[in-house]
Number of protein chains: 2
Amino acid sequence: MWGIVPCKYLHNFPFREGVGRQMFQGEHKNTMDAKGRVNVPASFRETLRARYGDEQVVVTRDYDGCLHAYPPKEWDRRVLANMQKLDFNDPWRRSYERFVVSPAVTCVPDKQGRILLPLSLRSFADLDKSVLFAGGAGHFEIWDITRREAQLEQDLVMLRSGPPQP
Amino acid sequence: MWGIVPCKYLHNFPFREGVGRQMFQGEHKNTMDAKGRVNVPASFRETLRARYGDEQVVVTRDYDGCLHAYPPKEWDRRVLANMQKLDFNDPWRRSYERFVVSPAVTCVPDKQGRILLPLSLRSFADLDKSVLFAGGAGHFEIWDITRREAQLEQDLVMLRSGPPQP
DNA sequence: CGAGAAGTGGGTAAATGTGGGGAATAGTCC
DNA sequence: GGACTATTCCCCACATTTACCCACTTCTCG
């Protein structure tokens, strides 16, 4: 399915659903206030609206120590559908379900564009003040800023080891 | 597919799609102003328009400490398509996504031909005043001028050691 | 040299991000 | 059950950043 995204932050080009086009772009450093609210970058919200209909996101934890946020459609397609390919008793599925699927919450930004993350997710990802939103294809990540930097060092090592052999 | 690039900075020669012709040619030293804006060399913009339809570029970081800028088409073909061959949960893909894909932003030059690079990319590449645009095949690089010079010294050593053995 | 293109600097209005007050809601303890 | 507390939601106000515009200098080329 091809379409046009009328969004100044995205390429105004035809894209193929879920394949060619990066949705959430860039790294955005925002600050979480005392109440636990953080601003979702405006460009992300615009993507959510333009491409997914509204600003809802499903937020859950990721096993690298950050949070992942998906538009509901992507959540269904990538997380749920992926998991459901496996047998109910598959141990990887059971772990995945407990760790990733269970703690998920659906957030809707307020009028200022902020979401309130539940304390459980905040403490898991060690979020307190400096929060980094990082775009991904079809989802975005929410990081504590120092944890992210440590992760990037590891990523560099991984990348320099070369891509996986098929 | 053959065509003509109507551009006074490029040779007005026929070129074969993606093979023979270098698109972004030469090194151009421009200065970034206090707001973080830099002028994209006019010849690069002309190439973007003539060959890719408009002046958008996807800018991201590169392992070597500079920024890479791709026309969206090349970005999809060279970066995204490559990545999306791998499973969502492949660790190499996750690292690649975080290091290369996440920080990418799409920039559209303003009326004067300048792009505003986000602070995260500027600080990664150590850009402040003297910025060097260097052409490449299908993309171009954006360097801090002194970092670039240091890189060139290393490149000389590498080149004199001879090409890799097959 | 003169004209046009390229590159640079700055002002202003709009968009974005941040802080905080108070009403509504839920949850807890006597 | 009723009062108290904590949390969430909704609103307004402000600081900062960005997009857009105009003016100017420098460079290139005939």
Side-chain angles (χ1 to χ4, degrees), chain A residues 6-10 12 24-50 54-57 59 69 105-123 127-135 140 142-143 145, chain B residues 6-10 12 24-50 54-57 59 105-123 127-135 140 142 145:
Chain A
C7 168
K8 66 181 174 182
Y9 295 97
L10 298 178
N12 256 341
F24 300 104
Q25 285 193 322
E27 296 180 336
H28 307 262
K29 201 172 103 180
N30 289 346
T31 69
M32 173 179 282
D33 66 16
K35 296 181 183 178
R37 297 174 299 183
V38 255
N39 205 308
V40 177
S43 67
F44 288 12
R45 293 193 326 262
E46 190 161 339
T47 301
L48 286 166
R49 250 179 293 124
D54 62 28
E55 299 188 344
Q56 276 183 45
V57 280
V59 182
V105 291
T106 301
C107 296
V108 184
D110 67 14
K111 208 170 167 187
Q112 278 67 29
R114 294 173 290 193
I115 53 174
L116 176 68
L117 294 170
L119 192 57
S120 55
L121 289 180
R122 265 183 277 161
S123 64
L127 303 177
D128 59 338
K129 198 108 183 79
S130 286
V131 175
L132 187 130
F133 287 78
F140 57 90
I142 306 175
W143 284 90
I145 198 95
Chain B
C7 169
K8 66 180 177 182
Y9 294 97
L10 297 178
N12 256 342
F24 300 104
Q25 287 190 324
E27 297 181 339
H28 307 261
K29 200 172 102 181
N30 289 344
T31 70
M32 172 179 283
D33 67 17
K35 294 182 182 177
R37 297 175 297 185
V38 255
N39 206 307
V40 176
S43 68
F44 288 10
R45 292 193 329 259
E46 196 158 337
T47 301
L48 286 166
R49 250 178 293 124
D54 63 28
E55 299 188 345
Q56 286 180 97
V57 280
V59 182
V105 290
T106 302
C107 296
V108 184
D110 67 14
K111 213 169 165 186
Q112 278 67 29
R114 294 173 292 192
I115 53 176
L116 175 68
L117 293 170
L119 191 57
S120 54
L121 290 180
R122 266 183 278 161
S123 64
L127 303 177
D128 59 338
K129 199 108 183 81
S130 287
V131 175
L132 187 131
F133 288 78
F140 56 90
I142 306 174
I145 198 93

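Below, chains carry the letters A, B, ... as their sequence lines are ordered, and counting in each starts from 1.
If you take CG of B/Leu117 and P of D/dA19, they are 11 Å apart, rounded to a whole angstrom. Computed from coordinates, the B/Asp33 CG to D/dT17 C1' distance equals 14 Å when rounded to whole Å. Computed from coordinates, the A/Lys29 NZ to D/dT18 C1' distance equals 18 Å when rounded to whole Å. In this structure, the CG atom of A/Asp110 is 14 Å from the P atom of C/dG19, given to the nearest Å. Taking atom CZ of A/Arg45 as the reference point, atom C1' of C/dA15 lies 10 Å away to the nearest angstrom. Atom CG in B/Leu119 sits roughly 9 Å away from atom P in D/dT17 (whole-Å rounding). Atoms CD (A/Glu46) and P (C/dT16) sit 7 Å apart, rounded to a whole Å. Here C/dG17 presents its P atom at 15 Å from CE of A/Met32, a figure rounded to the nearest Å.
The side-chain contact (heavy atoms from CB on, under 4.5 Å) with A/Val131 is formed by just one residue from the set A/Lys29, A/His28, A/Met32; it is A/Met32.
Between the side chain of A/Arg114 and the base of C/dG20 there is at least one donor-acceptor pair of N/O atoms closer than 3.5 Å.
A donor and an acceptor atom, one from each side chain of A/Gln25 and B/Thr106, are located under 3.5 Å apart.
Of all nucleotides listed (C/dT18, C/dG9, D/dC10), D/dC10 comes nearest to the side chain of A/Lys35. Among the nucleotides C/dG17, C/dG11, C/dT18, the one closest to the side chain of B/Arg37 is C/dG11. Ranking C/dG19, D/dA23, D/dC12 by closeness to the A/Gln112 side chain, first place goes to D/dC12. When each of C/dG11, C/dG7, C/dT18 is scored by its nearest atom to the side-chain atoms of A/Asn39, the top-ranked nucleotide is C/dT18. Nearest to the side chain of B/Ala42, among C/dG7, C/dG17, D/dC12, sits C/dG7.
A/Asn39 places none of its side-chain heavy atoms less than 4.5 Å from the side chain of A/Pro41. Side-chain contact between A/Ile115 and A/Val108 is absent, with no heavy atoms from C-beta onward closer than 4.5 Å.
Between the CD1 atom in B/Ile142 and the CG atom in B/Leu121 there is a gap of 8.5 Å [rounded to 0.5 Å].
Ranked by how close their nearest DNA chain D nucleotide is to the 5' end, B/Pro118 and A/Leu116 are led by A/Leu116.
The side chain of A/Thr31 places an N or O atom within less than 4.0 Å of a non-bridging phosphate oxygen (OP1 or OP2) of C/dG19. Listed pair A/Asn30 / C/dT18 meets the phosphate criterion, a side-chain N or O lying under 4.0 Å from OP1 or OP2.
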